[in-house]
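All values below were derived from every heavy atom in this structure, side-chain atoms included, with hydrogens, water molecules and symmetry-related copies excluded. Throughout, protein chains are lettered first and strands after them, A, B, ... in sequence-line order, and every chain is numbered starting at 1. What you see is a predicted model; the values in this text were computed from it and never measured.
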Number of protein chains: 2
Amino acid sequence: MNKQSSAIINERQALYEARTKIIKAMAHPTRLFIVEELEKKEKCVNELTEMIGADMSTVSKHLSVLKNAGLIGDRKAGTNIYYYLKTPCILGFLGCVEEVMEFNAAQQTNILRCCKQRDKQPPPM
Amino acid sequence: MNKQSSAIINERQALYEARTKIIKAMAHPTRLFIVEELEKKEKCVNELTEMIGADMSTVSKHLSVLKNAGLIGDRKAGTNIYYYLKTPCILGFLGCVEEVMEFNAAQQTNILRCCKQRDKQPPPM
DNA sequence: TGGCTATTTGGCTATATTGCCAAACATGAA
DNA sequence: TTCATGTTTGGCAATATAGCCAAATAGCCA
């Protein structure tokens, strides 16, 4: 976004950016996996790294993105660092995502069935 | 994500990627703005462009990202193309984001108050 | 048809993200 | 202290995003 001057969006720009930071933190397959795993139980980097199968430094960086967004927290236990989910509402968040996916899938099916009754309004596409 | 071979995440990889596509579509200030505006009322590219103040081609591309993710739909009306929100649950989605923001803010406040009772230990929430 | 308006596409540059490796830190144990 | 384990950081190359301009399309209306 750049040249907007007196655009309506400006008034709320800061708010949208703050929200974006949180959403971006979730916008990665590995991080979604982590969130879902941590929801079950706190885990240390090691455990997550094994489950994910990437370099530990990569996992560590993903964790720091999530932590930075305020979605997860950590606690030390000896040489381990356990991460835990701070915001359970995330699951509701994912609920909507799932809904969208189902909706999209249903539409795909309809198209395949030639019941071209698309979404709302007109466009029989 | 790359070298994971027998990692647990693999079984669910496709699912996480599908979810990610939807979340990524929301992960941009301008697109969040668009979603919120369309929730109120369908709008054509022109209207949105004015509110946003960016190049129309930029706005058009943002719209195509959202459409591609299945979040919005469009309908033609003469030479205009009106976009509308297909998935109202998105607002609930944003509700969680807001919750996280408030939680983070509250913590910031606590830190400022020197009540350094940080996160640590399991989720007090 | 030609001219208008609304919108999308292609091209290109600038910037951001991802992921690996190697190196640095931290902590507990010998 | 040294070693071993667990984790984070720095650096770098590969890829993906974002946004602008210019050109291409699409749908009206004379």
Side-chain angles (χ1 to χ4, degrees), chain A residues 1-5 7 9-10 13 16-17 20-34 38 42-69 72-84 122-123 125, chain B residues 1-5 7 9-10 13 16-17 20-34 38 42-69 72-84 120:
Chain A
M1 222 163 343
N2 245 349
K3 70 173 182 184
Q4 9 88 311
S5 47
I9 199 175
N10 284 317
Q13 191 64 22
Y16 288 119
E17 270 163 20
T20 298
K21 184 184 171 187
I22 294 171
I23 297 178
K24 262 195 169 128
M26 309 271 301
H28 190 288
T30 300
R31 294 199 290 268
L32 277 185
F33 173 85
I34 291 174
L38 295 188
E42 63 168 17
K43 288 183 181 59
C44 63
V45 189
N46 217 334
E47 296 177 285
L48 289 169
T49 299
E50 258 181 43
M51 292 193 266
I52 294 167
D55 193 275
M56 181 178 280
S57 71
T58 298
V59 175
S60 176
K61 277 172 185 169
H62 279 307
L63 286 167
S64 91
V65 169
L66 288 169
K67 185 180 170 183
N68 228 280
I72 64 178
D74 59 357
R75 74 177 178 86
K76 278 186 185 170
T79 83
N80 292 303
I81 298 186
Y82 283 88
Y83 282 92
Y84 58 86
M125 171 180 160
Chain B
M1 218 163 346
N2 245 348
K3 72 173 181 185
Q4 10 88 310
S5 47
I9 200 175
N10 284 317
Q13 191 64 23
Y16 289 120
E17 271 162 19
T20 299
K21 183 182 172 188
I22 294 170
I23 297 177
K24 263 196 169 128
M26 308 271 302
H28 189 288
T30 300
R31 294 198 290 268
L32 277 185
F33 173 84
I34 291 174
L38 295 189
E42 63 167 16
K43 288 185 180 59
C44 62
V45 189
N46 217 335
E47 295 177 285
L48 289 169
T49 299
E50 258 182 42
M51 292 193 266
I52 293 167
D55 193 276
M56 181 177 280
S57 70
T58 299
V59 175
S60 176
K61 277 172 186 170
H62 280 307
L63 286 167
S64 91
V65 170
L66 289 169
K67 184 179 171 185
N68 227 278
I72 64 177
D74 58 0
R75 74 178 180 85
K76 281 185 183 168
T79 84
N80 293 302
I81 298 186
Y82 284 87
Y83 282 91
Y84 58 87
K120 302 224 171 181

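- Remark: P of dT17(D) and CE of Met26(B) are 17 Å apart, rounded to the nearest angstrom.
- The distance between atom CD of Glu42(A) and atom P of dT7(D), rounded to the nearest whole Å, is 12 Å.
- Remark: P of dT9(C) and CG of Leu63(B) are 11 Å apart, rounded to the nearest angstrom.
- Using a 4.0 Å cut-off, some side-chain N or O of Asn80(A) falls inside it from OP1 or OP2 of dT7(D).
- For dT8(D), one of the phosphate oxygens OP1 or OP2 lies less than 4.0 angstrom from a side-chain nitrogen or oxygen of Tyr83(A).
- Close to dT8(C), at under 4.0 Å from its OP1 or OP2, lies no side-chain N or O of Ser57(B).
- In this structure, the side chain of Thr49(B) engages the main chain of Val45(B) through a donor-acceptor pair within 3.5 Å.
- When the P atom of dT17(C) is taken as reference, atom CG of Asn68(A) falls 11 Å away, rounded to whole Å.
- Judged by distance alone, with hydrogens and angles left aside, the side-chain atoms of Lys21(B) form a donor-acceptor pair with the main-chain N or O of Asn68(B) at under 3.5 Å.
- To the nearest angstrom, P of dA16(C) lies 12 Å from CD of Glu17(A).
- Remark: P of dT7(D) and NZ of Lys67(A) are 13 Å apart, rounded to the nearest angstrom.
- In this structure, CE of Met56(B) is placed 14 Å from C1' of dA26(D), rounded to the nearest angstrom.
- Among the nucleotides dT5(D), dT7(D), dC21(D), the one closest to any side-chain atom of Thr79(A) is dT5(D).
- Look at Lys76(B) and you'll find a side-chain N or O under 4.0 angstrom from OP1 or OP2 of dG27(D).
- Shown here, dA30(D) forms a base pair with dT1(C); the pair counts as Watson-Crick or G-U wobble because both key distances fall under 3.5 Å.
- With hydrogens and angles disregarded, a donor-acceptor distance shorter than 3.5 Å links the side chain of Glu47(B) to the backbone of Cys44(B).
- At least one donor-acceptor pair closer than 3.5 Å links the side chain of Arg31(A) to the backbone N or O of Lys24(A).
- Checking the phosphate oxygens (OP1, OP2) of dT8(D), a side-chain nitrogen or oxygen of Ser60(A) falls inside 4.0 Å.
- In this structure, Lys61(B) places its NZ atom 15 Å from P of dA24(D), rounding to the nearest Å.
- Between Phe33(A) and Tyr16(B), the ring-plane angle classifies as perpendicular under the 30° and 60° cut-offs.
- Across all strands shown, Tyr82(B) has no heavy atoms under 4.0 Å from either base or sugar-phosphate atoms.
- For His28(A), taking side-chain heavy atoms from C-beta onward, the closest of the listed nucleotides dT7(C), dT5(D), dT18(C) is dT18(C).
- Taking only side-chain atoms of Val45(B), from C-beta outward, the nucleotide of dT7(D), dT8(C), dC20(C) with the closest atom is dT8(C).
- Mapping Lys24(B) and Ile81(A) onto DNA chain D by nearest heavy atom places Ile81(A) closer to the 5' end of the strand.
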